[in-house]
A.B. asks: 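Handing you this structure, nothing more for now.
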Amino acid sequence: MIDGKKVLFSGMQATGNLTLGNYLGALKNWLTLSDEYECFYSVVDLHSITVRQNPAELRKRARSLLTLYIAAGLDPKKNCIYYQSHVSGHAELSWILSCFTYMGELNRMTQFKDKAAKHADNINAGLFTYPVLMAADILLYQADVVPVGVDQMQHLELTRNIAERFNNIYGDVFTVPEAYVGKVGAKIMSLQDPSRKMSKSDENPNASIYLMDDPDTIMRKFKRAVTDSEGCIRYSEQQPGIKNLLDIYCACTGKTPQEAVKEFEGKGYGELKPAVGEAVISVLRPLQEEMKRLSGDKAYIDSVIKENAEKANYYAMKTLRKVQRKVGFPDRIR
Ligand code: ATP
Ligand code: LTN
């Protein structure tokens, strides 16, 4: 609890260009939760280097992601928006927690298996212990709730297990967090292969809508989206391509799948696809305009970075000092 409010933590990696999946699965929920909770939204750059990065590129993307959080509507006066690398407590707590995490647990993580297969030439220890760092992110702020897409549920479950294990040994140190997965848009699929999630690291640019895509590109990608030969519009697992388009449509318009199916009754894919495109374009337009405006305001963004890193450090240190005492590290002499 901070000032009588429950705490929320979430983060995104500054790797690749953000997709509509990131927006609908994560960012959009962050906005609706931001009044109710004391929020920490991090650009998790420590996580990014688990795969090889170009330094200049990473710095640029990290800044643009931080700006995007604000452009999406998160007020940095109310929400703590900061770079993970500016708060050393993340790495310090991660080390401690890694001594309370079993190899067997990490071996089961599907994201590690996927990423290891994708980056077979660089299966580093950081990629393996990535979920421990994520647990540290969350537990450092004593977060009650963590909004994520469904793909992160396994990491959240591990975080809870680590927190409970630690608490069982040392008493009530950590708040055990709950995941928050939004009802719509929790898993947006690739436009080219609806059996895979839309991912910013997909090599095929037509598979994903990027948040900065212009309206023509968005429309073109939807028109090319892979569907099926059934020809009718139903919300069913048997038609994953159409279901995905309806999910996107609903997440952007606030309609329910039933309402959407009714709206397109008797219509063909040729009508559904541009309607989805239009819905996405209207959601992204204000975001893109705000992004352009904020990117030009260097002094403002710099001030957000500085002030919020201080705020994050304050809360992070409070937890870290407590944990260090509990495990038996010597007190500092002042
Ligand atoms: P990559 O595919 O490169 O591993 P990513 O697109 O999954 O990256 P992350 O930074 O790992 O992006 O995820 C940021 C947030 O967006 C997470 O909460 C994740 O659950 C959510 N998210 C990512 N992709 C989707 C998707 N297709 N649908 C819904 N939510 C998603
Ligand atoms: N692992 C997450 C990003 C992430 C995160 C977090 C999300 C790192 N730390 C803490 C929520 C809370 C991902 O790959 N999407």
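In each ligand, atom 1 is the first atom listed, and ligand 1 is the first ligand listed.
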A.B. asks: Where do Phe9 and Ser42 come nearest, in terms of heavy atoms and distance?
C.D. replies: CZ-CB, 3.7 Å

A.B. asks: Counting only N and O atoms by type, is there a donor-acceptor contact under 3.5 Å from the side chain of Asn124 to the main-chain atoms of Leu127?
C.D. replies: yes

A.B. asks: Out of Val148, Asp151, Asp247, who is nearest to atom 20 (O) of ligand 1 when you count heavy atoms only?
C.D. replies: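 Answer by nearest heavy atom: Asp151.
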
A.B. asks: Report the relative orientation of the aromatic rings in Tyr41 and Trp30; use parallel for angles under 30°, tilted for 30 to 60°, perpendicular for over 60°.
C.D. replies: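 It falls in the parallel class, under 30°.
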
A.B. asks: Using a strict 4.0 Å cut-off to heavy atoms of Ala26, name the atoms of ligand 1 that fall inside it.
C.D. replies: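 This gives 15 (C), 16 (O), 18 (O) as the contact atoms.
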
A.B. asks: Would you check if there is a donor-acceptor pair between the side chains of Gln111 and Asp151 at a distance under 3.5 Å?
C.D. replies: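 No donor-acceptor contact under 3.5 Å links the two side chains.
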
A.B. asks: Can you figure out which of Gln111, Lys115, Lys118, Gln13 has its heavy atom closest to atom 4 (O) of ligand 1?
C.D. replies: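 Answer by nearest heavy atom: Lys115.
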
A.B. asks: So does Lys6 have more than 12 non-hydrogen atoms from other groups sitting under 6.0 Å from NZ?
C.D. replies: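 12 or below, so no.
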
A.B. asks: Which atoms of ligand 1 have any heavy atom of Gly25 under 4.0 Å away?
C.D. replies: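 Atoms satisfying the 4.0 Å criterion: 29 (C), 30 (N).
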
A.B. asks: Closer than 4.0 Å to some heavy atom of Gln152 - which atoms of ligand 1 meet that?
C.D. replies: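 Counting atoms of ligand 1 from 1, those under 4.0 Å from Gln152 are 20 (O).
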
A.B. asks: Show which atoms of ligand 1 fall inside a sub-4.0 Å distance from at least one heavy-atom site of Lys197.
C.D. replies: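 It comes down to these atoms of ligand 1: 5 (P), 7 (O), 23 (C), 24 (N), 27 (N).
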
A.B. asks: With respect to Thr15, determine whether any N or O atom, backbone or side chain, lies less than 3.5 Å from an N or O atom of ligand 1.
C.D. replies: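 There is no such contact.
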
A.B. asks: Once you restrict to heavy atoms under 4.0 Å, what part of Lys187 touches ligand 1? Side chain, backbone, both or neither.
C.D. replies: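 For Lys187, only backbone atoms sit under 4.0 Å from ligand 1.
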
A.B. asks: Heavy atoms only: which of Ser201, Gly149, Ala251 is nearest to atom 3 (O) of ligand 1?
C.D. replies: Ser201

A.B. asks: Are the side chain of Tyr23 and the backbone N or O of Lys28 linked by a donor-acceptor pair below 3.5 Å?
C.D. replies: no

A.B. asks: Is there any N or O on Met198 that sits under 3.5 Å from an N or O of ligand 1?
C.D. replies: yes

A.B. asks: Looking only at atom types and distance, does a side-chain atom of Thr319 sit under 3.5 Å from a main-chain N or O of Leu140, one as donor and one as acceptor?
C.D. replies: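 Yes; judged by distance alone, with no hydrogens or angles, the pair exists.
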
A.B. asks: Sort out the contact shell of ligand 2: every protein residue with a heavy-atom distance below 4.0 Å, listed by chain and number.
C.D. replies: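 Residues near ligand 2: Phe9, Ser10, Gly11, Gln13, Val44, His47, Gln111, Tyr130, Met134, Asp137, Ile138, Val146, Val148, Gln152.
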
A.B. asks: Using a 4.5 Å cut-off on heavy atoms from C-beta on, say whether the side chain of Gln288 contacts that of Lys292.
C.D. replies: no

A.B. asks: Looking at ligand 1, does any of its N/O atoms fall within less than 3.5 Å of an N/O of Pro147?
C.D. replies: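 For ligand 1, there is no N or O atom that lies under 3.5 Å from one belonging to Pro147.
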
A.B. asks: Quick test of your reading of the model: are Glu307 and Lys77 salt-bridged, counting only N-O distances below 4.0 Å?
C.D. replies: yes

A.B. asks: Considering only NZ, NE, NH1 and NH2 on the basic side and carboxylate oxygens on the acidic side, decide whether Asp214 and Arg220 come within less than 4.0 Å.
C.D. replies: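 Looking at Asp214 and Arg220, the cut-off is not met.
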
A.B. asks: Quick one: does Leu191's side chain get under 4.5 Å of Asn206's, heavy atoms only?
C.D. replies: no

A.B. asks: Strictly below 4.0 Å, N to O, side chains only: are Arg61 and Glu57 in salt-bridge contact?
C.D. replies: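 Counted as a salt bridge, because a side-chain N and a carboxylate O are separated by less than 4.0 Å.
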
A.B. asks: Considering only heavy atoms of Asn22, which atoms of ligand 1 have at least one such atom less than 4.0 Å away?
C.D. replies: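 Atoms satisfying the 4.0 Å criterion: 5 (P), 6 (O), 12 (O), 13 (O), 14 (C), 15 (C), 16 (O), 22 (N), 23 (C), 24 (N).
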
